[in-house]
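The shown structure was predicted, so the numbers you read here are calculated from the model rather than taken from an experiment.
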Amino acid sequence: MGLIRELPAALVNQIAAGEVVERPASVLKELLENSLDSGATRISVVVDSSGEGLVRVEDNGSGILREDLPRAFLRHATSKIASFEDLVRTRTMGFRGEALASIASVSRVTVETRHRSEEPGGRMEIVPGADPVISPWSGPVGTTVAVRDLFFNLPVRRKYLRSPQTEQGHLTETFQRVVLGFPEIHFELSTPTRKLFSLPSRDSPLLRLLDLYPAFSEEDLLLHERGGEELRVTAVLLRPDRLRKDRQYQHLFLNRRWIRHPALFEAITQGAMGRISRDLHAGVWAYLEIPPDRFDVNVHPTKREVRLLEGDRIFSLLRRVITEAFERFSEGGGALRESSSHALPSSDRSAAPFPEGPGEGHESGLPANRVAGGRGDVSFVSPPSGSPERPGAALGEESLEGASSSFREPTSPAFRGGAVPSSPFAAKKGRGSFGGGSEESERPSFREIPELLKSLPSVFSGGRPSSDALSVVGQWAGTYLVATNGEELWLVDWHTAHERINYERYRKALMEGGGARQNLLFPLSYRVALSVADHLDSRLEELAHLGFDLDRSGPDLFRIRAVPALLEDRDPLGALDELGQHSRNFEVPLLRSDRIDEILMTLSCHRSVRKNDTIGPEDGERLVRELLATDHPYSCPHGRPTILSLGRSAIDSWFGR
């Protein structure tokens, strides 16, 4: 007897399910895509705490004919394609005909459906290993699919599911990715006990974003699009001072389908380069519309990855759209003409991908004073003239001098340009601009004075510096304290110095039993994504140890009644945001030994004085003295230097004395 055998159909389906059905969120994705392909205009989802026990999707789409019900759950049986030509031109979300078969092989499935041409409809129950049971069903036109007890017959798969909170987070994330691609459809997401989302039909992706992210306002978002019938990019850009250090606010959609594509993420990064801080990611929801024969979506089991036929062209257009959108934020938002429509394509995927419009090169954007869809007026506040935070000011972009700004004055360093790099020829050029003689050539060069830029760890390697002769004589560049200490001239970065002081003070307080707190006269509201809310709820005790007093006041809303005393009034919401980023949105413990330093650094940074803050002479001297009293006065907790010391001998040598 040979060793090679044909596997039974049930086992084949279970193997296939391993590729398509990774977790409950995979089931939700497949069922939502089927509902979208049915032409539904209203889709309702119910899940239990983790989706393991129940995922139910109800729609008002075209429904399934009774005679097609058994065939719908056969592998590679589908109504969406019939030939290879159909495959390369399909605009449907699904087309392989294997998702339902895979789901039904690892769960208990119930389908209730009625096609618009039949009365009554049909109901079918499927349990792996048993014949399906079909009966008449007299319900409305549409389909309801309920998936229960996922992986009940595969215990080895079931044990690898994560906690209910984590799985519900994946379910919510999957739901959000789908609804962002189809703003014209009414979606609902509920658990058996509460409604999580009720999203009405919208005619713009911008308005759908405002529904999903209540913390955003119309002033925070800008819609910009460019392209023609064969290639169009529509992007919704988040205001620069609302950005994050992760890609939570960065999403790509190709013909309405959420995708991952490293090259296109790089296009977004390049489009934002020089306009935001290097450690932040642009907030972009980019919608690409391309003819279906110009890309291949059939390269990944879950269709999350695609191959592009004209990748360079798409890359360039997306990068250009991001760059232009940032320019609109900085120039007043009125440079582009009002578009006749900002809706995404209709759910009829046989139609043109976007509303009819001019050819490639046409620009369109929301009018400067109103968002499409009638949500209200948008007001912009310009920063004061000559503000150092003005986009491009640090880059020497003189053309921006007279431009009005269309975003609020930043409250974070998200929109600061970097300093212009010095010319590579500067070090080779002589300093004698008044004529070069032999005296100039004999004078020591910058590179020949190693003492000039010695840092304190080297200068004071023999011991801690004394502050007896310390005197703060002034400030420079809104960032540095100028001080003398005996025979030395110091430049002290007041932000990094204050970070070091706060870090050691906070660490000592925490080690002695917990951070002191300051009660707020008026509690603050802190809203998070629904997928994060349960994680944050589980970290309230740890946050209390750090000095926060929070309680949950809604599904995605928390009330802050006290903050760490060191923070005082310095952006407690921003501090919580960063704590979430350091703990995977509060999924992992905050007070783990390998994370505590990072947490303390975050809180210390938010409490510290910043560029252009006002510091009096007495406060400046006290800050330097407190710095010298810390355990490690020569650097901030992140490793950046705090003091530049110039000795008398080095200065005299520079001036040839």
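When the options E188, E58, E184 are evaluated for a salt bridge (Lys or Arg N to Asp or Glu O under 4.0 Å) with R42, the one that passes is E188. A side-chain contact (heavy atoms from CB on, under 4.5 Å) with F197 is found for one member of D211, T172, V45 and no other, namely T172. If you run salt bridge (Lys or Arg N to Asp or Glu O under 4.0 Å) between E167 and each of R158, R162, R23, only R23 comes through. With T234 as the partner, the side chain to side chain donor-acceptor pair (under 3.5 Å) test is satisfied by one option alone out of R226, E289, E225: E225.
Side-chain rings of Y249 and F216 approach one another, their centers coming within less than 6.0 Å. The aromatic ring centres of Y213 and W285 sit less than 6.0 Å apart. For F558 and Y526, the gap between ring centers reaches or exceeds 6.0 Å.
For the pair L36/I43, a side-chain contact is recorded, criterion being any heavy-atom separation below 4.5 Å from C-beta on.
Taken to the nearest 0.5 Å, the CG atom of L171 stands 8.0 Å off from the CG atom of L189.
The cationic atom of R108 (NZ for Lys, CZ for Arg) lies less than 6.0 Å from the six-membered ring centre of F152 and within 45° of the ring axis.
Under the 3.5 Å distance criterion, with hydrogens and angles disregarded, a donor-acceptor pair is assigned to the side chains of E587 and T166. A donor and an acceptor atom, one from each side chain of S531 and N585, are nowhere located under 3.5 Å apart.
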### Task
Tell me, with the steps shown, if E33 and K29 meet salt bridge (charged side-chain N to carboxylate O under 4.0 Å, His left out).
CA-CA 6 Å; E33 289 183 351; K29 171 185 173 293; 3.0 Å; yes

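The backbone N or O of P183 lies less than 3.5 Å from no partner atom in the side chain of H186, so there is not a single donor-acceptor pair. Of the possible polar contacts, one joining the N153 side chain to the S105 backbone as a donor-acceptor pair under 3.5 Å is found.
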Indicate every side-chain donor-acceptor pair of residues 130-148 with a distance under 3.5 Å to a residue at least two apart or in another chain.
| residue | atom | partner | partner atom | Å |
| --- | --- | --- | --- | --- |
| T143 | OG1 | T113 | OG1 | 2.9 |

